[in-house]
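Numbers for residues simply follow the sequence, beginning at 1. Remember, predicted model here, so these are calculated numbers, not experimental data.
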Amino acid sequence: MLTEKQIENKIKHLLASRGAYYFKHFGCKFSKAGVPDIIACLHGKFLGIEVKREDGKVSELQKFNLEQ
């Protein structure tokens, strides 16, 4: 099973290969809780990507922010 970091790197590589603007959000006590791991813009579309392993669970706050 891939680690979240390996999955994240594959996603970033795919985004870069498609010409997307993206950045990795690093959460801390001063940032908004539940923000997706990767924020991207691809062909004028906003993407919020929450990276999880196959067995990972999305929190209720993460679900809410992704729906927003």
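Separation of atoms CG (Asp37) and CD1 (Ile11) is listed at 8.5 Å; rounding is to 0.5 Å. Expressed to the nearest 0.5 Å, how far NZ of Lys10 lies from NZ of Lys12 amounts to 13.5 Å. Taken from CD in Glu54 to CD in Glu4, the straight-line distance is 12.0 Å, to the nearest 0.5 Å. A distance of 5.0 Å separates CD1 of Ile38 from CD of Glu8, quoted to the nearest 0.5 Å. To the nearest 0.5 Å, the span separating CG on Leu2 from CZ on Arg53 amounts to 9.5 Å. Rounding to the nearest 0.5 Å places CG of Asn9 at 12.5 Å from CG of Leu14.
Tyr21 and Val35 fall within the same hydrophobic cluster, defined by Ile, Leu, Val, Met, Phe, Trp and Tyr side-chain heavy atoms under 4.5 Å apart, directly or through other members. The hydrophobic cluster containing Phe46 also contains Phe23, counting ILVMFWY residues as joined when their side-chain heavy atoms lie under 4.5 angstrom apart, directly or transitively. Under the 4.5 Å side-chain contact rule for hydrophobic residues, Leu47 and Ile39 do not share a cluster. The hydrophobic clustering, which links ILVMFWY residues whose side-chain heavy atoms are closer than 4.5 Å, places Ile49 and Ile7 together.
With salt bridges taken as basic N to acidic carboxylate O contacts below 4.0 Å, one links Lys52 and Glu50.
No donor-acceptor distance shorter than 3.5 angstrom exists from the side chain of Glu67 to the backbone of Phe64, with no hydrogens or angles considered.
At least one test fails for Lys24 against the ring of Tyr22: distance under 6.0 Å to the centre or angle within 45° of the axis.
In this structure, Gly48 and Pro36 approach most closely via the heavy-atom pair C-CB, 3.7 Å.
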